[in-house]
Structures are given as structure tokens and as C-alpha cells.
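Throughout, protein chains are lettered first and strands after them, A, B, ... in sequence-line order, and every chain is numbered starting at 1.
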Amino acid sequence: MSAPPAEDLIKQWESEQASLRKQVLEEDTEDWQREPDFSGLERIGGVDLSFIKGDDVNACAQLVVLSYPDLEVLYEDSQMVTLTAPYIAGFLAFRETPFLLEALQRLERNQPTLLPQVVFVDGNGLFHYREFGLACHLGVLSGLPCVGVAKNLLQVQGVYKSEEHQSQIASLKKGGDSFPLTAASGKVLGKALRSSDKSSKPVYVSVGHKISLDTAVHLTHRCCRYRVPEPIRQADFHSREYLRKNFPAANTQIKE
DNA sequence: GCGACAG
DNA sequence: ATCTTGTCGC
């Protein structure tokens with residue numbers, strides 16, 4: 001019946017990414033980004049989507065805003081949404097961005113003074129097949145500075161999970177240590193960061209929008225109490241909590 | 001055909 | 001993303 005991942009749709013998405021890609025700002029554009037201890041930075045956002053096990057259509061879209069540097073939750077918004085686009089590596093933004101944008105718009109409408117000055121996104125920014133991952137997409141469409149943080153390495157543009165890569169990871173000795181993720185072209189697309197002394201597995205940081213890579217990496221480190229930066233960790237926690245509370249038995253399968 | 005595949 | 005408890009270690 002219906003054709004698989006429509007080749008036409010993919011082409012359309014690629015062209016849309018190429019177009020929006022031109023609007024990404026890869027440098028620091030905010031005053032606080034240049035201050036010693038990010039003086040002037042007070043609010044950081046975190047977004048995420050959580051799903052119920054056997055359901056990849058209904059999800060909880062989450063936005064949280066934390067204070068900086070204390071990282072206390074100032075705002076929290078959970079909203080059930082119905083996804084339309086499928087998950088296809090390289091096109092995650094077409095599946096999630098609409099709902100994350102809506103959450104930011106709800107906040108702007110209801111409590112504009114709480115709008116975050118930078119948003120942490122669960123996924124990549126420029127570290128992407130076409131240098132336009134979810135963090136760039138949300139950044140350009142929202143106009144807000146965004147940082148992409150992926151928990152797993154996307155093998156892209158010549159960056160592989162090679163033994164060389166593994167040894168580089170082994171060379172990260174303490175929280176804050178990092179090494180560049182360099183494309184075949186020579187451009188540094190992101191950095192692998194050991195986010196805390198305790199976690200040996202790094203996170204992959206890349207520019208989303210309106211922030212430089214070095215600032216993004218430094219800020220990410222400042223936001224880590226554990227491996228995953230607090231804004232994303234809290235967004236993940238609250239969205240899962242929402243699903244637990246509103247869809248209890250959705251977890252207990254009944255076998256005959 | 002085989003491996004890759006952010007969330 | 002989600003399936004899943006205990007367990008070894010600091």
C-alpha cells in the first residue's frame with residue numbers, strides 16, 4: 001500500500017535543511033557568552049520528548065527552565081502531543097521540532113520573563129550529515145541560542161567509532177576534558193566532552209545556533225552534575241514522570 | 001549483501 | 001525512544 005520513507009519527502013527535507021542551514025550563527029552573539037563566569041546568564045532551557053513503550057506516535061513534549069548557576073527548576077511544562085513524521089536518522093528535527101517550538105511559544109505567551117537565554121537540546125547541532133541537526137533547526141526557528149548534546153556518537157563526515165576514537169576517549173581524564181570531532185574537510189563540527197569526573201563515557205557537544213563551540217562546551221560542562229547536562233536531564237525526568245502519572249498501566253502488558 | 005542508524 | 005534488576009565499585 002503506502003510506500004516506505006518517501007524518497008521525495010527526503011529530498012524535500014534535505015532541501016529545507018540546506019536552506020535553513022544558511023541562517024545558523026556559529027559564533028557568540030550574546031554579552032553573557034563573553035563574560036568570565038557567564039555573568040548575566042540567569043535562565044537555561046532544556047527540551048525533550050518521552051514516549052510510552054509500544055507507542056511512537058503519542059509523546060510528552062517537555063520544556064524546563066533552570067536558574068544559572070544554581071540549576072534550580074524555575075519553570076516546567078509537559079504537553080501530550082501526536083507526532084506525524086517518522087524517525088529517520090538525519091531528520092530528527094522534522095519529527096520533534098514543531099512540538100518543542102510550541103512549548104517555547106507557550107512560555108513566551110504566558111511568562112515571557114522566564115524565557116531561557118540558551119536552550120539545551122537532546123541531539124546534535126552542526127555535528128550532523130548536512131551540518132543541520134535538531135539543535136540548529138530549533139535554534140533557527142526559535143531565534144534562541146541553542147546547544148546540541150548527543151549521548152551517542154553519530155558517525156558522520158569521517159568521524160568513526162574507530163580504535164583511534166576509543167583511545168581519544170580513554171585520554172579524557174577528568175570532567176571538562178574534551179577532544180574535537182573533525183570532519184574529513186578539516187572543519188571541527190563538535191567536541192566529545194567528559195562531562196564529569198565520574199562518567200568515562202563522553203557526551204557529544206555541537207553548536208546549535210548563536211553560540212561558539214568553545215562556549216557551548218564550557219557551558220555544557222558548567223551544567224553537569226551528572227553525565228547528562230541538568231537542563232536535558234530535568235526535561236527527561238519531568239516528561240517521564242508525566243507519563244508515569246497519566247498513563248499508569250500503559251506499562252503492564254497483558255498476556256493470555 | 002552488510003553495516004549504520006542523534007532520538 | 002523503549003525493553004529492564006540486580007549488582008559491582010567507589
Side-chain angles (χ1 to χ4, degrees), chain A residues 4-5 10 13-14 17 46-63 78 80-101 103 119-139 146-162 165 173-175 181 183 189-193 195-209 216 220 226-229 231-233 235-244 247-255:
Chain A
I10 296 296
W13 280 352
E14 286 180 340
Q17 290 181 326
V47 291
D48 190 31
L49 252 59
S50 285
F51 300 77
I52 298 177
K53 55 179 179 183
D55 188 343
D56 59 345
V57 169
N58 299 105
C60 175
Q62 185 72 42
L63 166 63
S78 305
M80 285 308 294
V81 298
T82 302
L83 306 197
T84 53
Y87 168 68
I88 300 176
F91 301 96
L92 176 62
F94 293 94
R95 180 166 164 77
E96 304 194 346
T97 299
F99 311 101
L100 302 180
L101 250 184
V119 179
F120 274 84
V121 180
D122 200 346
N124 296 301
L126 290 178
F127 187 60
H128 177 269
Y129 302 124
R130 291 166 295 281
E131 295 186 21
F132 197 71
L134 176 60
C136 296
H137 210 119
L138 184 64
C146 285
V147 176
V149 180
K151 296 183 290 294
N152 294 293
L153 179 71
L154 179 62
Q155 301 196 139
V156 78
Q157 296 192 28
V159 179
Y160 307 118
K161 295 178 181 173
S162 58
H165 182 76
K173 298 307 181 188
K174 60 182 192 307
L181 301 170
L189 297 179
K191 285 192 174 181
L193 167 74
S195 50
S196 78
D197 290 333
K198 297 184 185 65
S199 61
S200 58
K201 181 175 180 178
V203 291
Y204 300 93
V205 182
S206 61
V207 170
H209 187 46
T220 298
Y226 303 99
R227 186 171 90 103
V228 176
I232 292 175
R233 189 167 162 272
D236 180 77
F237 177 83
H238 285 291
S239 54
R240 291 195 194 206
E241 179 183 60
Y242 182 91
L243 292 180
R244 280 204 311 274
F247 300 87
N251 200 32
T252 304
Q253 290 299 317
I254 301 175
K255 298 179 180 177

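- Neither OP1 nor OP2 of dA6(B) sits under 4.0 Å from any side-chain N or O of Tyr204(A).
- When each of dG7(B), dA6(B), dT2(C) is scored by its nearest atom to the side-chain atoms of Ser50(A), the top-ranked nucleotide is dT2(C).
- Here the P atom of nucleotide dA6(B) and the NE2 atom of His128(A) are 11 Å apart, to the nearest Å.
- Nearest heavy atoms, Cys146(A) versus Ala135(A): CB-O, 3.4 Å.
- Looking at Thr220(A), Val205(A), Val147(A), Leu193(A) one by one, the single match for side chain to side chain contact (heavy atoms under 4.5 Å, CB included) with Pro229(A) turns out to be Thr220(A).
- For dG7(B), the OP1/OP2 oxygens have a side-chain nitrogen or oxygen of Lys151(A) closer than 4.0 Å.
- Contact check for Val149(A) versus Val228(A): no side-chain heavy atoms found under the 4.5 Å cut-off.
- Between the P atom of dT2(C) and the CD1 atom of Ile52(A) lies a distance of 10 Å, rounded to the nearest Å.
- Side-chain atoms of Ala89(A) lie closest to dC5(B) of the nucleotides dC5(B), dA1(C), dG7(B).
- Taking side-chain N and O atoms only, Lys198(A) has no distance below 4.0 Å to OP1 or OP2 of dG9(C).
- The nearest whole Å value for the distance from the CG atom in Asp56(A) to the P atom in dA1(C) is 14 Å.
- When side chains are defined from C-beta on, Leu49(A) does not count as touching Asp122(A), because their heavy atoms never get closer than 4.5 Å.
- Judged by ring centres under 5.5 Å apart and planes tilted less than 30 degrees, Tyr87(A) stacks against the six-membered base ring of dG7(B).
- Here the side chain of Lys161(A) is nearest to one of dG7(B), dC5(B), dC3(C), namely dC5(B).
- The distance between atom CZ of Arg240(A) and atom P of dT4(C), rounded to the nearest whole Å, is 14 Å.
- Rounded to an integer number of Å, the gap from CG of Asp55(A) to C1' of dT2(C) is 11 Å.
- In this structure, CZ of Phe91(A) is placed 15 Å from P of dC5(B), rounded to the nearest angstrom.
- Atoms NZ (Lys53(A)) and P (dG7(B)) sit 22 Å apart, rounded to a whole Å.
- Looking at heavy-atom distances under 4.0 Å, Gly148(A) makes no contact with the nucleic acid at all.
- Residue Asn152(A) places none of its side-chain N or O atoms closer than 4.0 Å to OP1 or OP2 of dC5(B).
- The nearest whole Å value for the distance from the CZ atom in Phe127(A) to the P atom in dA6(B) is 11 Å.
- Taking the C1' atoms as reference points, dC5(B) lies 16 Å from dT2(C), given to the whole Å.
- The side chain of Arg95(A) contributes no N or O atom lying less than 4.0 Å from OP1 or OP2 of dA6(B).
- Below 30°, between 30° and 60°, or above 60°: for Tyr204(A) and His165(A) the angle between ring planes is below 30°, a parallel geometry.
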